[in-house]
Amino acid sequence: MPEICVTIGRTRHKMVLAEHRALAERGATLVELRLDWISRQADLSRLLQNRPTPVVVTCRRPDDGGRWRGSEDDRRTLLRQAIVSGAEYVDLEEDIAGAIPRFGKTKRIVSHHDFVQTPDDLEAIHARMCKLDPDVVKLVTTANSPQDNVRLLHLVKNAVVPTVAFCMGDLGVVSRILCGKFGAPFTYATFSQDRVLAPGQLSFEEMKRIYHFEKIGPQTPVYGVLGDPIGHSLSPLLHNLAFHHERIDACYVPMRVPADEFADTLRAYEFLGVQGYSVTIPHKQAALRFANLADESSVEIGAANTLFKDPQGKWRASNTDYAAALESILIGLAQKGVKSLSGQRVLLLGAGGAARAIGLAVMKSQGVLTVTNRTKARGKTLADELGCQFVTWENRGASACDVLVNCTPVGMSPNVDDTPYAQHWMHDGLVVFDTVYNPENTLLLKEAREHGCSVVSGLEMFVRQAAAQFKRFTGREAPLDVMRETLRRRISPVRYQLPDDPEEAS
Ligand code: NAP
């Protein structure tokens, strides 16, 4: 079973001890003590006495990403003392591992870091390190391409000596989460999101309670969300929660992929055992081109937000935004007893990707659509494509409608005091659907509610498109209510705590 090694980097002994205790209480089984962070002379007996978990003792020089300010002799003395004191592991950089011999039961991690790149001679470096009497080889590089993850994971899989290898940087998150699947004895995480010590590092809570790192095995199917940027995506939270709740062995990973590397990355990621992807900006058109087969909704919209493998191993494209948006509007209409969009006058604010998918859904449901957009030419083009009316942005308040749909980011956090539609333009009986989901309760929805309108939040659409992806990935219904409540709590202004068990979220 792979473990999560949690790094503690604090300047005072007291804080190191407090974090170590707190981590043990939260279920940590291995902790790295970074002696180079301690501002005074490190007192090993104080740090190791009655330690609540096994430890890795590490003391990094600035060149290796550390903060050690003392002499090299003093640093090596400290590492030797850690070995004599019986620390479970000591981390020895490649250049000093030969000079510090094995002693007692302390295991040797021989490490190498590259803060610039993932070098071409990776295998040669690894072979060199294997000759330095390691119990574990630790090889950490910087990802300049998503494919660097695959090179590191290949190394882990083929290694004879247990090897922890992954990439730093936000392109490298994939290998941090998946190294255990390929045989790494542990990965590294940080004490909390506020204490990231290396680029791309995840917190212990995220590794344990979102990604369930310790449960990812060689056979665990992988799913992911492709985008650029991807750091703030809430899809990993929702999908991993759904897998865990339904007791499905699967892991869902955020995958940053630059636009020009899309197809090459997907081909390289076959090695990871990926069975399905959520797809977001800027890859939705490329996903459609990549697929072997595409469903009607994605072909009509010209964009796919989902790729999944069918039993024959073919990639299928789908667009779950389309149906999720339609369902959300119907929820709003149902609040006033209307069962279908047919004949309903819909005013669509915006002319981007979301507006295009929703506009098409409205037209196909026989709604009477009008598009408005800040940039006239773009709005007019979409209206012409959809075969509907267009009004200028300045005149949007004068356009009579039964349903208002906001497909612009106006009102999205942090600009929560903005709204794309004035309250005095609203009327009783209007249905207002805001695709913005962060915050859930946008100013547009607050004002609409005050006015007695029926409202639907973008949260509903977001959860529903994810649930539809889950169904395509697994063939099973997603736990919609649990997903909705978790997302609601995650984006609420009160700081969200990850549940110990996702069933708590129900
Ligand atoms: P997009 O392709 O970039 O289009 C953005 C649209 O918003 C464009 O029409 C743009 O007008 C308009 N816009 C941007 N800033 C504006 C401003 N300050 N004032 C007026 N109009 C403005 O983005 P998209 O993919 O369509 O996404 C749009 C929004 O939909 C997102 O921000 C997100 O909140 C929401 N969304 C929600 C879900 C969900 O599941 N709930 C899914 C997808 C999208 P110009 O043409 O003038 O630039």
Show the numbers, then the answer: is there a ring-ring contact (aromatic ring centres under 6.0 Å, His included) between F186 and Y89? CA-CA 12 Å; F186 45 85; Y89 293 91; 5.8 Å; yes
Check: S203/E206 side-chain N/O donor and acceptor closer than 3.5 Å: yes
Side-chain touch L202/I177, heavy atoms, less than 4.5 angstrom: yes
Short side-chain donor-acceptor distance under 3.5 Å, T141 and T118: yes
Do S278 and Y252 meet the criterion of a side-chain donor-acceptor pair at a distance under 3.5 Å? yes
Which of H245, H244, H239 passes ring pair (Phe, Tyr, Trp, His ring centres under 6.0 Å) with H212? Answer is H244
Should R464 and E460 count as an ion pair when the cut-off is N to O under 4.0 Å? yes
Answer yes or no: is there an ion pair linking D36 with R75, defined by an N-O contact shorter than 4.0 Å? no
Enumerate, atom names and distances included, each donor-acceptor pair closer than 3.5 Å involving a side-chain atom of residues 157-175, sequence neighbours excluded.
from: N158; atom 1: ND2; to: H154; atom 2: O; distance (Å): 3.3
from: T163; atom 1: OG1; to: H126; atom 2: NE2; distance (Å): 2.8
from: T163; atom 1: OG1; to: V161; atom 2: O; distance (Å): 2.7
from: D170; atom 1: OD1; to: R256; atom 2: NH1; distance (Å): 2.9
from: S175; atom 1: OG; to: N149; atom 2: OD1; distance (Å): 2.6
from: S175; atom 1: OG; to: C167; atom 2: N; distance (Å): 2.9
from: S175; atom 1: OG; to: G172; atom 2: O; distance (Å): 2.9

Please check this pair: side chain of R61 against backbone of G66, looking for a donor-acceptor N/O pair closer than 3.5 Å. no
Is it true that T58 and E32 share a donor-acceptor pair across their side chains at a distance under 3.5 Å? yes
Taking only residues two or more places apart in sequence, or in another chain, which ones meet H283 in a side-chain hydrogen bond (donor to acceptor under 3.5 Å, both in side chains)? none
Short side-chain donor-acceptor distance under 3.5 Å, T435 and N406: no
Would you call R316 and D310 a salt bridge, using N to O less than 4.0 angstrom? yes
Walk me through whether T53 and L30 qualify under side-chain contact (heavy atoms from CB on, under 4.5 Å). CA-CA 6 Å; T53 72; L30 184 61; 5.8 Å; no
Between the side chains of S145 and E261, is a donor N or O closer than 3.5 angstrom to an acceptor N or O? yes
When rounded to the nearest 0.5 angstrom, what is the spacing between CG in L44 and NE2 in H13? 8.0 Å
Will you find, in the side chains of T77 and D74, an N or O donor that is under 3.5 Å from an N or O acceptor? no
Rounded to the nearest 0.5 Å, what separation is found between the CG atom of N50 and the NE2 atom of H20? 11.0 Å
Would you call E440 and R484 a salt bridge, using N to O less than 4.0 angstrom? no
Does a salt bridge link E88 with K107, judged by any charged N lying under 4.0 Å from a carboxylate O? no
Scan side-chain atoms only and decide if E93 and H112 contain a donor-acceptor pair under the 3.5 Å cut-off. no
CG (N438) and CG (L234) are apart, to the nearest 0.5 Å, by 7.0 Å
Check ion pair D91-R60 (N to O, under 4.0 angstrom): yes
Residues R102, D133: salt bridge by 4.0 Å N-O rule: yes
Pick out which of Y269, F290, W315 makes a ring pair (Phe, Tyr, Trp, His ring centres under 6.0 Å) with Y277. W315
Report the C-alpha distance between T486 and M483 in whole Å, list the side-chain angles of each, state the deciding distance to 0.1 Å, and finish with yes or no for side-chain contact (heavy atoms from CB on, under 4.5 Å). CA-CA 5 Å; T486 300; M483 291 165 81; 5.8 Å; no
Short N-O contact, R21 and E25, less than 4.0 angstrom: no
Verify side-chain contact (heavy atoms from CB on, under 4.5 Å) between W37 and L35, making sure each step is shown before the conclusion. CA-CA 5 Å; W37 271 70; L35 302 187; over 6 Å; no
Side chains of N415 and S413: is there a donor and an acceptor less than 3.5 Å apart? no
